Colleague: 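Below you will find the structure I want to go over with you.
What you see is a predicted model; the values in this text were computed from it and never measured. So that the names make sense, note that chain A is the first sequence line, chain B the second, and so on, each numbered from 1. The figures that follow rest on heavy atoms only: side chains count, while hydrogens, waters and symmetry mates do not.
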Protein chains: 2
Amino acid sequence: MNKYHDVANKINLFIQENNLTRGSKLPTLTELANTYEVSKNTIIKALEVLETNGVIYQVRGSGTYVRGRHRKGFVNLTDVQGFHSIFREFNLSSKVIELKEIEAPSNVAEILEFTDQEKVYYIKRVRYIESRPFCVEESYYLKTIVPYLNEEIASQSIFNYLTEDLKINIRFSDLFMRIGKLNQEEAGYLELETHDPSLNIESIYYLSNGRPFNYSLIKYHHEEAQFFVQGNNF
Amino acid sequence: MNKYHDVANKINLFIQENNLTRGSKLPTLTELANTYEVSKNTIIKALEVLETNGVIYQVRGSGTYVRGRHRKGFVNLTDVQGFHSIFREFNLSSKVIELKEIEAPSNVAEILEFTDQEKVYYIKRVRYIESRPFCVEESYYLKTIVPYLNEEIASQSIFNYLTEDLKINIRFSDLFMRIGKLNQEEAGYLELETHDPSLNIESIYYLSNGRPFNYSLIKYHHEEAQFFVQGNNF
DNA sequence: CAGTGGTCTAGACCACTGC
DNA sequence: CAGTGGTCTAGACCACTGT
């Protein structure tokens, strides 16, 4: 663990434990540098982490303040781990509809950027939050990166399996979202009517060396899909 | 303009002018430091900017590479200036439905965090992209921050007016998104049917001192709403 | 194990806020 | 104009990648 991540966590804890609310002022940079016994620049780095995570904001010439505005039930889209980390607190489960090893269809091959035929795992599953159907997911994993996958793993958190068991480092992701309409099958899974709207998110996940290894198309139940994005300007 | 922003722009230009594609390798940190005649740390800062903007990614021990994946017509949600900057290339226009100065309704007062009665501008407008109706927007601006607004300004880019004429610095924003249904009036503006779905985004914009000054509820035409989010993990 | 990105420091100086 | 965050530097050292 880096020093600045460490300090960031400590400051974050400090905010939570003291119940600091929006607008509360934190100590100055030099004070923080003294109390955590690191250089001023390391404090700056730590606060930078907290700023991009939407925890604080800094005002030049004035001070550092707590940002913290949350709305319950909204999932942060900016966080790559989004769903997985936030839903740890909820009772999240999955039902696997289909799991097979196939040659990648051409559109997926194009997205995942390979020219030769490559094997992928195809998974279709319905995800439930507190036993309410939440989304239908179709996902393709490059077999060279994810050599093994079974129904038991897919019925739990694939993300945890990738990061904790396979030690895969997910570095960044591209999400594309738009509104779609459910077909009869999907509507059935989500307990909705055919042609009801859904929030569709196509996502591509990349390894730390920049290679795309997963493509997913997720259709969210229109009443359950609630997302937020924290923008920063500079 | 800072040195590192300057360098970031130059590197960005370099990428574009040389048509560097996904995966292309950039020079090393020390080489970049030499060619742009700044310290290594300033290069790191510059590359950090490009990384959070989704232009490049860096692999420790290996190098810096071009990320660049775009899909036409998708609006970047992470960028505070999102709509305004990207649509500069399109023919974007607005029709003002209503513009008035009112006491803030209680829900807006709560969101914008004031307890006393305060005046706000309320604006309702329909926005068109290439003359196709794109979204219906209802927006509230704190009058203490935005002292004047008229129909002419509102029919163009309010964002430009705020930043360029009033010299207001927007620092960050919170966006909340979900699917909604259009009422009869809204459907009329968007040339859709009543109860057709829409992508609704509630947004709160904050000044550089952390004060919220604007709240908007925007309902997007379901066929035109296409957004993307670039996630970074660390 | 050479090459490359990442962390950390100490310190000088700049730019902005708010009294 | 005092206080506070932001930029920039030079340099030491660490951690990871890929051959």
Side-chain angles (χ1 to χ4, degrees), chain A residues 1-11 23-52 55-67 145 167-172 206-211 232-234, chain B residues 1-11 23-52 55-67 145 167-172 206-211 232-234:
Chain A
M1 179 66 86
N2 296 330
K3 241 180 196 175
Y4 72 86
H5 277 129
D6 193 39
V7 173
N9 287 336
K10 282 177 179 161
I11 295 175
S24 301
K25 190 174 178 180
L26 292 183
T28 65
L29 292 184
T30 35
E31 283 169 350
L32 289 170
N34 289 335
T35 60
Y36 295 105
E37 295 180 306
V38 295
S39 79
K40 189 185 160 197
N41 279 314
T42 301
I43 290 294
I44 290 177
K45 257 286 199 183
L47 293 180
E48 203 178 288
V49 172
L50 294 177
E51 183 154 26
T52 61
V55 178
I56 59 159
Y57 59 91
Q58 290 168 280
V59 186
R60 158 130 56 169
S62 172
T64 305
Y65 304 88
V66 174
R67 175 166 172 182
I145 309 296
K167 306 287 183 204
I168 290 175
N169 284 316
I170 301 177
R171 178 57 184 282
F172 52 88
Y206 299 79
L207 301 175
S208 53
N209 65 6
R211 289 214 25 216
N232 274 298
N233 205 13
F234 22 77
Chain B
M1 178 66 85
N2 297 329
K3 240 179 198 177
Y4 72 86
H5 277 129
D6 193 38
V7 173
N9 287 337
K10 282 176 180 162
I11 295 176
S24 301
K25 190 174 180 180
L26 292 184
T28 65
L29 291 185
T30 34
E31 282 169 352
L32 289 170
N34 289 334
T35 59
Y36 295 106
E37 294 179 307
V38 294
S39 79
K40 188 187 160 195
N41 280 315
T42 301
I43 290 292
I44 290 178
K45 258 285 200 186
L47 293 180
E48 203 178 288
V49 171
L50 294 178
E51 182 153 26
T52 61
V55 178
I56 59 159
Y57 59 91
Q58 289 169 282
V59 185
R60 155 129 59 167
S62 171
T64 304
Y65 303 88
V66 174
R67 174 166 172 181
I145 308 296
K167 305 286 183 206
I168 290 176
N169 283 318
I170 300 176
R171 177 60 183 283
F172 52 89
Y206 299 80
L207 302 175
S208 53
N209 64 8
R211 290 214 25 215
N232 273 298
N233 204 14
F234 23 78

Colleague: Can you give me the closest heavy-atom contact between A/Leu207 and A/Arg171, atom names plus distance?
Modeller: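 Minimum heavy-atom separation between A/Leu207 and A/Arg171: O-CB, 3.4 Å.
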Colleague: Given 3.5 Å as the limit, does a donor-acceptor pair link the side chain of B/Lys3 with the main chain of B/Ala46, or not?
Modeller: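 No.
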Colleague: Taking all heavy atoms of A/Met1 and all of A/Asn9, pick out the closest pair and write down the distance.
Modeller: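 Closest pair (atom of A/Met1, atom of A/Asn9, distance): CE-ND2, 3.9 Å.
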Colleague: Rounded to whole angstrom units, what separation is found between the CD1 atom of A/Ile56 and the C1' atom of D/dG6?
Modeller: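 Those two atoms, CD1 and C1', are 13 Å apart.
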Colleague: Which heavy atom of A/Lys25 sits nearest a heavy atom of A/Ser62, and at what distance?
Modeller: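 Nearest pair, atom of A/Lys25 first, then A/Ser62: NZ-O, 3.1 Å.
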Colleague: In residues 57-67 of chain A, which residues come under 4.0 Å of DNA chain C by heavy atom?
Modeller: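 Correct list: A/Arg60, A/Gly61, A/Ser62.
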Colleague: Take atom CG of A/Leu207 and atom P of D/dG18, then tell me their distance rounded to the nearest Å.
Modeller: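 A/Leu207 atom CG is separated from D/dG18 atom P by 11 Å.
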Colleague: Base, sugar-phosphate or nothing for A/Leu47? Non-hydrogen atoms, less than 4.0 Å.
Modeller: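 A/Leu47: no heavy atom of the nucleic acid under 4.0 Å.
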Colleague: Given side chains that start at C-beta, do those of A/Leu47 and A/Leu29 come closer than 4.5 Å, heavy atoms only?
Modeller: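 Side chain of A/Leu47 against side chain of A/Leu29, heavy atoms only: contact under 4.5 Å found.
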Colleague: Measure from CG on A/Asp6 to P on D/dC14 and round the result to the nearest Å.
Modeller: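 Distance check: A/Asp6 CG to D/dC14 P gives 18 Å.
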Colleague: Closest-nucleotide mapping onto DNA chain C: is B/Glu51 or B/Asn209 further toward the 5' terminus? I mean the 5' end.
Modeller: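 Result of the comparison: B/Glu51.
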Colleague: Where is the tightest heavy-atom contact between B/Pro27 and B/Leu32, given as atom of each residue plus distance?
Modeller: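 Looking at all heavy atoms of both residues, the closest pair is O-CD1, 3.7 Å.
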Colleague: According to the Watson-Crick and G-U wobble definition with distances under 3.5 Å, which dot-bracket string, read 5' to 3', encodes DNA chain D, using [ ] for crossing pairs and | for pairs with another strand?
Modeller: ||||||||||||||||||.
Colleague: Do B/Arg211 and B/Tyr206 have side chains that get closer than 4.5 Å, going by heavy atoms?
Modeller: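 They are not in contact (no side-chain heavy atoms under 4.5 Å apart), so the answer is no.
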Colleague: To the nearest Å, give me how far apart CD (B/Glu48) and C1' (C/dT7) are.
Modeller: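 To the nearest whole Å, that distance equals 12 Å.
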Colleague: Give the minimum heavy-atom separation between B/Tyr57 and B/Val66, together with the two atoms involved.
Modeller: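 So the minimum-distance heavy-atom pair works out to CE2-O, 3.6 Å.
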Colleague: Step by step, would you call B/Lys45 with B/Asn2 a side chain to side chain contact (heavy atoms under 4.5 Å, CB included)?
Modeller: CA-CA 11 Å; B/Lys45 258 285 200 186; B/Asn2 297 329; over 6 Å; no
Colleague: Restricting both atoms to N or O, compile the protein contacts to nucleotides 8-12 of chain C shorter than 3.5 Å, with distance only.
Modeller:
| residue | atom | partner | partner atom | Å |
| --- | --- | --- | --- | --- |
| C/dC8 | OP1 | A/Lys3 | N | 2.5 |
| C/dC8 | OP2 | A/Tyr4 | N | 3.3 |
| C/dC8 | N4 | B/Asn41 | OD1 | 3.4 |
| C/dT9 | OP1 | A/Lys3 | NZ | 3.0 |
| C/dT9 | OP2 | A/Ser39 | N | 3.0 |
| C/dT9 | OP2 | A/Ser39 | OG | 2.9 |
| C/dT9 | OP2 | A/Thr42 | OG1 | 2.1 |
| C/dA10 | N6 | A/Asn41 | ND2 | 2.5 |
| C/dG11 | O6 | A/Asn41 | ND2 | 3.2 |

Colleague: Given atom CG of A/Leu29 and atom P of C/dA15, what is their separation to the nearest angstrom?
Modeller: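 Taking atom P of C/dA15 as the reference, CG of A/Leu29 is at 17 Å.
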Colleague: With the side chain counted from C-beta on, respond yes when B/Ile11 and B/Tyr36 share a heavy-atom pair under 4.5 Å apart, and no when they do not.
Modeller: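 Yes - at least one pair of side-chain heavy atoms lies under 4.5 Å apart.
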Colleague: Between B/Arg67 (side chain only) and B/Leu50 (backbone N and O only), is there a donor and an acceptor less than 3.5 Å apart?
Modeller: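 A pair under 3.5 Å: no.
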